[in-house]
Each structure stands twice: as C-alpha cells, then as structure tokens.
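Below is one structure, written out as structure tokens, with a few remarks after it.
Side chains included, hydrogens not; waters and symmetry mates left out as well; all remaining heavy atoms used. Read the numbers this way: they start at 1 and go in the same order the structure lists the ligands and their atoms.
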Amino acid sequence: MANEKVIGIDLGTTNSCVAIVEDGTPAVIPNRGGYKTTPSMVAIAENGKRLVGHIAKRQAITNAENTVYASKRLIGRKWGSAAVRNSLEIMPYRIVEGPHDDVRIMLRDQVFSVPEISAYILQEMKLISEEYLGEEVGKAVVTVPAYFNDGQRQATKDAGRIAGLDVIRIINEPTAAALAYGFGRNIDRKVAVYDLGGGTFDISILEIGNGVFEVISTAGDTFLGGEDFDRRIIDWLVFGFEKQHGIDLRKDKMALQRLKDVAEKAKCELSTVRETEINLPFIISTGRNDALHLQTTLTRDKLEELTSDLIDRTIEICARTLEEAEIKKSQIEDVILVGGVTRMPRVQQMVAEFFGLEPCKGVHPDEVVALGAAIQGAALTDDKSEILLLDVTPHSLGIMIVGGYFHKLIEQNTTVPTSESHVFTTVRDNQTSVKILVLQGESDRAEENELLGEFVLTGLRRAPRGEVEVEVTFHISADGIVSVKARDLETGLEQSITVTATSGLTEDELKKMIDANKDYMVEVRSSQEMDKAKHAAEKALEEIEQLFPAVTDIIAGSDFGQDAVKKARGVVERVRAAIAAKDLGTLTEATESLHRTLNMFRGVVSKTRG
Ligand code: AMP
C-alpha cells in the first residue's frame, strides 16, 4: 500500500536502532531518553515484569542471570552448534535445549525462544517509532548480517511476527549501509563495506550506479565482533587477578557481569584516550567481611596487542572476498565503516592500510544500517522509487547426494531472488518415495554444511528405477529465505513442500507466542494508560489541596459555599479511591469532575484576589 509508513530496524547484537524516511529524508528516531540507539537487552525483573533496552541494561549487574544480551548470537542456531556451545560457557543467563534441536532461554521460571527475545527488542523499536510518529506502525524492514543463513533469517522474520510487525523485507546490514551512503548522491563506483559490530563481521563489495545497488560479493564471520574484544580484556583481567590473588573471578556471575561492563567501557574509551583506569571495588568477597578489589590500568597499546589477531582475521576475510570476486583493491573507490568496533583507531588504520585509502567519514557507524533499512522500506512502498537493490546469497544451496556429498544447486554470491531446478529419478525399482536433504554451505561434504531441513516426496508411480522423474525447484527470496517445490514430471502434479522448522519454531508455537505477546502488550498498554491517568489525577489533586484553605476562607461563610467545599472533598476522595483500586474507568470520570471543581476553585480565588 502506498504511503504506509515503514520503519527500518537495525537489530544489533549489542544495540538496536530505528529509522524512517519522512518527506524523502531518512532520519533516526531517538528513544524516550533521547538516545539514538537502544541496548539489545531483555530482562525479567523480580516482579515478573519484562524490561527492554536501557532499563534492562541498568539492572544487568544485579540481575545477571535473568538479563539476556547478545541473543543475536543464538538466533536460528541449532542446539549442537559451536555458537551455542560457546555461549553456554560465557553467558550469565541460562541457555537450554529446545524441542526442535533449537535453543531456549530460561529467565526466572519461564522459558523463552530466541525469536521471542528478539521480538521484545523489535517491539521496543516499534513503540519508539510509534511514540515519535503518533500513529501505529505495522511494517518494517529489518537488517541481518550478510552472512546469516536461512535459519537465522527465518528466525528473525519470526521475531518480527511475534512483535506484531509485518517484516516486508530482510536486508543485509552492509547492503543497507551502502544504500544510506549512496542515497541521493549521483555516484557510479565500487565500494567496500567493512562491518565490525558487537557479534559479527561482514565485508561486502558493491557496485553503485544510477540508483542500482548491486552486491558483487559478500563474506564474513558470524563469530567475530566487539564481544570477542571484550572477552580478551576480561581474560586479561581475570588472569591478572588470579595471578595476584589466586582466585578465579569467572566463577562468580556477578563479578563476571561487572567485568564485562568494565571491559566494554575500557575498550570504547581507548578509542579516544591512550590509557584508562579499571576499577572494581569489592569485586569478590573472601568471607568474614573481607573483600578484594580489582584495580589496574589498560593502555591502548595493550588492547591492540590483545586483539591484533582478531583484527587480522577481518583483514584476511577482506582479502579472500576481493580475490573471489576477482576485484583488485585499486578498483575500490570508497570504504564504508559500519559497527561500533570500527571506532577503534587500530581497526581504521588496518582497513586504510589494506585498501590503500582512508575510510569514508561521512556516515555514522551506529546509524547507517537503520537509515539504509528505512530507505529500502520507503523504496518498497513507493511505486516511483528509482532505487534497486540487488543482493546476493552468502551461502551455496544444495542437496545431499549418494556418498554423503554435497551437490550445489545455487552458488554462493548469486543475485537473489533466484531459482534453480533439479530433476531427481528413482534409484530403486518400485520406489514410491524419495527423501531430500536441503543444505547450505560451501563444503563438499554434506555433513559439514548447515542442514536447512529435509522432506520426503511421496506418491511416486511404481516403476523400474530411473523411470520416474521429479523436478525439485529451490528458490531463494529477496530476503534470502529458502523454499522448495516439487513437480512430478509425468503427471504434472505439484507437491508443495516446506522445509520444516528452520527457524526452530513450528507454526503452532509461533501462533501461540504471537497471541501471548499480544495479551502481554494489552496489559502493558492498559498499565501505561493507568500510569498516565494517575499522573494527571495526582497533579490536579496537588493543586486542589493547595487551594482548599483559601477557597474555604472565601466561601465557607455561606451554606452554598460549605456545600461546595464538602462536594469538592467528595470528588477528591473518589479520585483517591479510584487510584487505589486501579480502576481506570472511574478514575477518568472522577478526574474530569475534579478538573471542573478545580476550575471553579481557581475562579473563586482569582476573583477575590482580582
Ligand atoms: P554494533 O553491533 O554496531 O552496535 O556495535 C557494537 C559494538 O561496538 C560493541 O561491541 C561495542 O562495545 C562496540 N563499540 C561501540 N563504541 C565503540 C568505541 N568507541 N570503540 C570501540 N568499540 C566500540
């Protein structure tokens, strides 16, 4: 539908950001506190209340076990994956196995799927934009790292559904950044987007010209980001403390959360200063009123030494990507930096050295992705838009064939949307069904790639082997999401196949989560309304209490006056009772009467004073 507002959301590992295009200009929407980014954190407080964003971050130290951060590292992951194993070791919150080989998070005594956690963050971004725009927002473009596979994309889309958002397109973060960089500028050039965020690293090479943004190549590491830099600092602190006191701080969840906070802070500070003090008083108790403190200095040089191999890894990936795309470094005319970690001087220096040019300074690394998502959102809903985004699939797609090998049907870096067909024949006489494993990845061995799902084609005609032919079509949408269709070439009959539960949630589960979240939001909205009404009533109560003595003096001489004061007291009592009973209907009605009385009181006082 034309002109319907579409927000662009950068759902980050550490922070999220929301933007919109208004009157042709993209802009970031600040949250209630005036900040342009919101921590991607969700917590459940002791009273069961859900906390999202800054308020979740503020209580993270004292409620570490029930505060989720970096959930993006877990979204769409299989329980047995390396990412999950790694998170199990380092996250202070409880990660448990889900029913479909997926991951769930336990906060207090409630179990949440990862898409639910991400949904709460998306919902917060939706609320921020609704407050700003003064109207409901239903559509969004959400960004994901270019290297996300099908399961991670599906799960992000599911998160949008749970949040009550129609995610009209998933786009890749580096592509969004390039879109924001090239928007409104008449340029024709090849650019590189180097994106080092909280949890992931992506590099994309794009060709921009005449409003067309074409991704030529993309690569990355979903396991490499600012959190790894933090961990290097934590390890260094823990090691130093253990050497000094013989105590392993990792065993204490609260200490670990404090270390994490202080490590991130030090890392960020060292982007502008050369050394910083790290000070954690009472980091651990040694029993009997005795506590130890952690105090040390971290220099920028030390940080660079601790993290140099991480930065080197990103540069190696850049080199490989250029090589695969057969592009020379000299052909790249601009490098766009995205993600908070690119503020590190050492990162900037390494990138500049590698590409032989200074990275472009005009774009804000924290906001550029959300701005690009908003631009794409506006373009998708505007028939006259001249922007065309041509993205690629970061992974090859294929099937398992005899011997456990991987047969690629769609090659990595193919422009999406795309489709490819493959004709299967039966391998046994009288075979009536065939099982197909759909995989994503680059290894020749099927088992080393990501299994997206499997399906069985049934109802095949009994015939000698090799006679029955079934054409299977694999499709990758513009969102990068995979679907599969099969057709019996003999009968023309189509079998519709869904690759099952790639996001880790079944449709039934998803529907339940959508409903539960809707109910929760109804409760939240009504409690917000109650708070607002209570606030307004209390303001009026305060004013009327101040006027009572003067008014009583002035009008209490007459019976009518006494009666009016008595009635006013009655109204005040009714308002107070409605606040105590949390009865919104009565409160609204009683506050109206309170305002009428207040007006009358104001009139009496001003007439006498005048
Ligand atoms: P993003 O995912 O783009 O929000 O990036 C977040 C990551 O950037 C986190 O690991 C932050 O600690 C990191 N970061 C933010 N600001 C800075 C800074 N000034 N210097 C170094 N890292 C930063």
Side-chain angles (χ1 to χ4, degrees), residues 8-19 28 31 35-41 53-54 57 60 69-75 90-91 118 121 124-125 142-148 156 172-174 176-177 180 193-204 220-234 257 259-276 278 298-300 302-304 306-308 310-311 314 336-351 359 361 363-373:
I9 303 177
D10 168 11
L11 180 61
T13 307
T14 322
N15 294 299
S16 293
C17 182
V18 58
V28 167
N31 63 24
Y35 298 101
K36 291 195 167 171
T37 61
T38 299
S40 304
M41 283 187 158
H54 287 281
K57 186 168 186 172
Y69 62 88
S71 57
K72 192 171 170 180
R73 288 196 164 202
L74 298 172
I75 200 161
I90 56 166
M91 298 304 191
S118 298
I121 301 163
E124 182 70 11
M125 307 321 283
V142 178
T143 60
V144 294
Y147 229 56
F148 258 22
T156 305
N172 294 332
E173 287 158 11
V193 182
Y194 176 102
D195 180 355
L196 189 54
T200 52
F201 170 68
D202 276 326
I203 173 80
S204 293
D221 188 336
T222 43
F223 239 137
L224 179 56
E227 306 249 345
D228 299 294
F229 287 64
D230 300 347
R231 212 162 317 126
R232 292 291 166 88
I233 304 175
I234 298 172
Q257 184 61 37
L259 283 170
K260 195 186 137 28
D261 270 13
V262 89
E264 188 188 359
K265 201 162 144 259
K267 174 190 68 179
C268 295
E269 278 171 10
L270 289 173
S271 291
T272 42
V273 297
R274 294 219 63 105
E275 63 174 50
T276 183
I278 294 181
L298 180 62
T299 62
R300 187 187 290 173
K302 186 72 197 172
L303 171 67
E304 290 176 358
L306 292 172
T307 56
S308 71
L310 298 175
I311 304 176
T314 68
I336 305 158
L337 296 182
V338 185
V341 188
T342 60
R343 288 219 180 80
M344 267 181 79
R346 181 79 186 146
V347 170
Q348 294 177 5
Q349 185 198 341
M350 293 291 285
V351 173
K361 291 270 186 254
V363 291
H364 198 299
D366 294 333
E367 299 169 15
V368 65
V369 171
L371 290 170

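Ligand 1 lies under 4.0 Å from heavy atoms of Thr14, Asn15, Gly197, Gly198, Gly226, Glu264, Lys267, Cys268, Ser271, Gly339, Gly340, Val341, Arg343, Met344.
Considering CE of Met91 and CD of Glu227, their distance stands at 6.0 Å, rounded to 0.5 Å. The line from NZ of Lys260 to CD1 of Ile233 is 10.5 Å long, rounded to the nearest 0.5 Å. To the nearest 0.5 Å, atom CG of residue Leu303 and atom CE of residue Met344 are 4.0 Å apart.
Between Asp10 and Lys36 there is no salt bridge, since none of the side-chain N atoms of the basic residue sits less than 4.0 Å from a carboxylate O of the acidic one.
Ser16 and Ser40 are linked by a side-chain donor-acceptor pair at a separation below 3.5 angstrom, with hydrogens and angles left out of the test.
Considering only residues two or more places apart in sequence or on other chains, Lys302 meets the side-chain contact (heavy atoms from CB on, under 4.5 Å) condition with Trp236, Leu298, Thr299, Glu305, Leu306.
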